[in-house]
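Being a predicted model, the structure only gives us computed values, none of them experimental. The figures that follow rest on heavy atoms only: side chains count, while hydrogens, waters and symmetry mates do not.
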Amino acid sequence: MSSAGGLSRRRVAGASSSSASDDAPSPSWTPNGPSSNGTVATHAGSAFEGGSKVACDPRDLDQAQEDSRYGGRMPRLTIMEEVLLLGLKDKHGYLSFWNDSISYALRGCILIELALRRRIALVKDSNQRRTPLADRLVEVIDDKQTGETILDEALKMMKGQETDRMSINGWVDLLSGETWNVMKIGYQLKQVRERLAKGLVDKGVLRTEKRNFLLFDMATHPVADVRTKESIVTRAVALLTATTSAVPPSALDKEGTQCRVTRAVCLVCAAYAASVLDNAFGRLTYEDREAAFQRCDEVLAEFACWPFGSTSATGTGGGRRREGVKIGMGNSAPNGRESVLGLVQEVKREMNGEEDLSFQLIAGVLEVLSKLDSLL
């Protein structure tokens, strides 16, 4: 019978069940079951139970090999992102306009993160041993991309400068744009804070809003995932208020994270140098805040030298700066030297030998950050 559109459909013998065959599978075909002749049908790449092959991404295998090579999986957030989160106002979504230290400190965190990921290290040269730690030369030992845009950009620049290697202090200055050499002004990493914030938006930690500041509109990034920032604050406070030589588990990242003790130390030291650590101490009393700052001074002094913990033998270090404050408060409690030495021992367990050149680079960066007040 002709339809309204002028088309006709003829029914032929044996085609009465054609409409049903469109919805139901043929009896002679089963996903992985026996066919009519008794054989078992299998399908390459099938996800059905009993399939002969399972599809996989080769990059997953490479990632597993890289994690085992570097002693654990990479954390969700980099040290730069965690420092930025500590400095951001939760509801307003911007940094303090009077903070001049965070930009320089973030560049140092880039070098620390690359060293922890075993991409860069100090040049192995016996003649360099007499050179101050911050003036020793840096080399690229693995130019494989990390997946983080800013880290990969910095790594590419350092790889292109292999013929004329520069020191730790030189790289921090160049990445910050603090140089008088107009030929090297292109090495400056621009808009680091904004790019880090947008990366945190992509990771679901921040969100983007527009706020009006009288004469202009500015994009701000309030905190969307409060639990992530709370975990960073909790780790920083737990590390700096510990009273035993054992590192409390609450001060560390998740189990299985690569170099999680070293990352915890670098986080508090970088946040202290960036003048954002006090944002984590909002719930502490005045005495506890001063004790936590004193502890951070001691931690920075012990890890801003090589080998780690060498200032304990000489009795010198940046921790002496707040000693007068504690005496004025009449605080006779122990200064937490045992917990600081416990941190040193735990970090040494994460090193690859006594002369780990990547960890020496981290010590050099922390030395530069410890002198940030005088540099600025």
Side-chain angles (χ1 to χ4, degrees), residues 79-80 82-87 96 99 101-102 104-106 108-109 112 229 231-248 250-253 259-306 308-312 315-329 331 333-347 362-376:
I79 296 177
M80 306 94 67
E82 292 179 340
V83 171
L84 183 73
L85 271 178
L86 287 178
S96 173
N99 192 340
S101 304
I102 189 169
Y104 199 86
L106 287 176
C109 292
I112 292 176
K229 182 169 182 177
S231 66
I232 299 173
V233 172
T234 301
R235 285 191 278 126
V237 172
L239 186 71
L240 297 176
T241 57
T243 56
T244 60
S245 59
V247 182
S250 58
L252 305 177
D253 210 335
C259 295
R260 58 180 191 155
V261 180
T262 307
R263 288 181 176 276
V265 171
C266 293
L267 170 63
V268 296
C269 292
Y272 181 59
S275 301
V276 298
L277 188 59
D278 53 343
N279 296 340
F281 297 156
R283 302 175 184 175
L284 300 181
T285 62
Y286 176 78
E287 291 79 6
D288 292 338
R289 283 169 60 92
E290 291 301 319
F293 277 119
Q294 168 68 19
R295 180 74 57 80
C296 193
D297 273 336
E298 296 173 354
V299 171
L300 182 57
E302 297 294 343
F303 287 94
C305 60
W306 187 263
F308 291 141
S310 58
T311 59
S312 301
T316 61
R320 299 292 180 264
R321 190 168 53 181
R322 293 183 175 268
E323 203 66 37
V325 178
K326 295 182 67 178
I327 295 175
M329 294 188 303
N331 189 355
N335 60 359
R337 173 63 61 181
E338 295 80 5
S339 62
V340 176
L341 295 180
L343 278 176
V344 173
Q345 296 301 321
E346 290 296 329
V347 169
I362 294 173
V365 175
L366 294 180
E367 180 183 345
V368 174
L369 296 183
S370 66
K371 302 175 182 178
L372 190 57
D373 291 337
S374 61
L375 292 175
L376 296 178

* Can you check whether Tyr272 reaches Leu369 side chain to side chain, under 4.5 Å on heavy atoms? -> no

* Is Asp278 close to Arg289 at the side-chain level, that is, under 4.5 Å between some pair of heavy atoms? ->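 Counting from C-beta outward, Arg289 and Asp278 do come under 4.5 Å.
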
* Using the test ring-ring contact (aromatic ring centres under 6.0 Å, His included), find all partners of Phe303 that sit at least two apart in sequence or belong to another chain. =>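 Phe308.
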
* **Check ion pair Glu302-Arg337 (N to O, under 4.0 angstrom)** => yes

Which residues pass the side chain to side chain contact (heavy atoms under 4.5 Å, CB included) test with [X], not counting sequence neighbours?
{"X": "Thr243", "result": "none"}
{"X": "Asn99", "result": "Ser96, Ser101, Ile102, Ser275, Val276"}
{"X": "Ala264", "result": "Leu239, Leu252"}

* Anything under 30° is parallel, anything over 60° is perpendicular, the rest tilted; go ahead and classify Phe281 against Phe293. => perpendicular

* Asked: Closest approach of Glu346 and Val261, non-hydrogen atoms and distance?
  ->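 Scanning both residues completely, I find the closest heavy atoms to be CB-CG1, 3.7 Å.
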
* Applying side-chain hydrogen bond (donor to acceptor under 3.5 Å, both in side chains), name anything that partners Arg263, two or more places apart in sequence or on another chain. =>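 Only Glu113, Gln258 meet the side-chain hydrogen bond (donor to acceptor under 3.5 Å, both in side chains) criterion with Arg263.
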
* To do: Could you pull out all residues at least two apart from Asp288 that satisfy side-chain hydrogen bond (donor to acceptor under 3.5 Å, both in side chains)?
  =>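 With neighbours one apart ignored, the set is Thr285.
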
* Asked: Are a donor atom and an acceptor atom from the side chains of Gln294 and Glu298 found within less than 3.5 Å of each other?
  -> yes

